[in-house]
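Take a look at the structure below.
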Amino acid sequence: YKPIMYLIKKGIILGYSDGTFRPDEACTRQQFVTMLWKMANKPKANAKIRFSDVNSKMSSYKAIRWAVEMKLIYGYKDGTFKPKAPLTRQQAAMILWRLKGKILEKKVKPYLDVDSSMAAYEAINWGAQWGIIQGYSDGTFRPTEVCRRKHAATFLYRLMKK
């Protein structure tokens, strides 16, 4: 509740036109990038967008353009960004790591389902060490699971408070 209300007050996240927030709904890739862009005070960017599924008519276009310029996001091998696809928990960790992190105090295995062979290992490790991301009570992070809107809000709230 607290992270969601904080980010709403700051204008970083919005609810839906029906007055709901839908915390358990999947956070899409474009929603997460837009939240980060708003968190950064909506900076302008000049990056060329080469994703076949992103165009200037989209409400998230400026945010995606900024995220490309900042090297926070990369598309898929097929040339798409998949803006409406659900963001995974490991993708969220990678994006946040690229934005703010990359300094690890020590490499440890923070979760039972995260190991050094994973592409997101350092990002997840960094997020765990800095208290930005957290796993579940069973000792897992569930990196390929959908990042819910409530998770995205909590990760951003913790990042802002660091």
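Here the closest non-hydrogen pair linking P143 and M118 is CG-CE, 3.6 Å. In terms of heavy atoms, L72 sits closest to I95 at O-CG1, 3.5 Å. Nearest heavy atom pair, residue P83 against residue V54, reads CG-CG2, 4.4 Å. Taking all atoms of both residues into account, the shortest heavy-atom contact from L156 to M39 is CD2-SD, 4.2 Å. Nearest heavy-atom pair across L159 and K100 is CD1-CG, 3.6 Å. Minimum heavy-atom separation, A128 to P110: CB-CB, 3.8 Å.
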Exercise. Does the pair I49 and V68 meet the rule for a side chain to side chain contact (heavy atoms under 4.5 Å, CB included), with working shown?
Worked result: CA-CA 8 Å; I49 301 289; V68 167; 4.0 Å; yes

For this session: Begin from the C-alpha positions of K42 and W66 and carry the test side chain to side chain contact (heavy atoms under 4.5 Å, CB included) through to its verdict.
Result: CA-CA 9 Å; K42 301 179 182 179; W66 168 77; over 6 Å; no

For this session: Any chance you could lay out the side chain to side chain contact (heavy atoms under 4.5 Å, CB included) test for I132 and L96, step after step, and finish with the verdict?
Result: CA-CA 9 Å; I132 295 165; L96 295 175; 4.1 Å; yes

For this session: I would like to know whether E25 and Y16 meet side chain to side chain donor-acceptor pair (under 3.5 Å); could you show each step before the answer?
Result: CA-CA 12 Å; E25 195 170 275; Y16 292 92; 2.5 Å; yes

For this session: Take Q30 and M58 through the side chain to side chain contact (heavy atoms under 4.5 Å, CB included) test and state the conclusion after the steps.
Result: CA-CA 10 Å; Q30 71 182 351; M58 297 170 62; 3.5 Å; yes

For this session: Starting from the C-alpha separation in whole Å, work towards a yes-or-no answer on side chain to side chain donor-acceptor pair (under 3.5 Å) for Y136 and E145.
Result: CA-CA 12 Å; Y136 293 90; E145 207 172 82; 3.2 Å; yes

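The CG atom of L36 sits 12.0 Å away from the CD atom of Q31 when rounded to the nearest 0.5 Å. For the atom pair CD1 (I133) and NE2 (H151), the distance works out to 11.5 Å, reported to the nearest 0.5 Å. Rounded to the nearest 0.5 Å, atoms CE (M35) and CG (L14) are 9.0 Å apart. Rounded to the nearest 0.5 Å, atoms OH (Y76) and NZ (K82) are 6.0 Å apart. Rounded to the nearest 0.5 angstrom, R50 CZ and S52 OG are separated by 13.0 Å. A distance of 10.5 Å separates CG of N125 from CH2 of W97, quoted to the nearest 0.5 Å.
By the 4.5 Å heavy-atom criterion applied to side chains, C147 and F32 are not counted as neighbours. Side-chain contact between R29 and Q91 is present, with heavy atoms from C-beta onward closer than 4.5 Å. You'll find the side chain of F21 reaches within 4.5 Å of the side chain of I13, heavy atoms only. A 4.5 Å side-chain heavy-atom check between M70 and R98 finds every atom pair outside the cut-off.
The pair D138-R142 meets the salt-bridge criterion, with a side-chain N (NZ, NE, NH1 or NH2) lying under 4.0 Å from an Asp/Glu carboxylate O. For the pair K150 and D24, the salt-bridge criterion is met [side-chain N within less than 4.0 Å of a carboxylate O].
Taking the six-membered ring where tryptophan is involved, the planes of F155 and F141 are essentially parallel, since the angle between them stays under 30° and well short of 60°.
Side-chain atoms of R65 come within 3.5 Å of backbone N or O of A45 as a donor-acceptor pair.
Two different hydrophobic clusters hold L112 and V114 under the rule that ILVMFWY side chains link at heavy-atom gaps under 4.5 Å. One hydrophobic cluster, built from ILVMFWY side chains closer than 4.5 Å, cannot hold both V33 and V146; they sit in different ones.
The environment of NZ in K109 is crowded: more than 12 heavy-atom neighbours from other residues, nucleotides or ligands sit within 6.0 Å. Around the NZ atom of K38, the shell of radius 6.0 Å holds more than 12 heavy atoms that belong to other residues, nucleotides or ligands.
Because its NZ or CZ atom is not both nearer than 6.0 Å to the ring centre of Y157 and within 45° of the ring axis, K2 does not count as a cation-pi partner of that residue.
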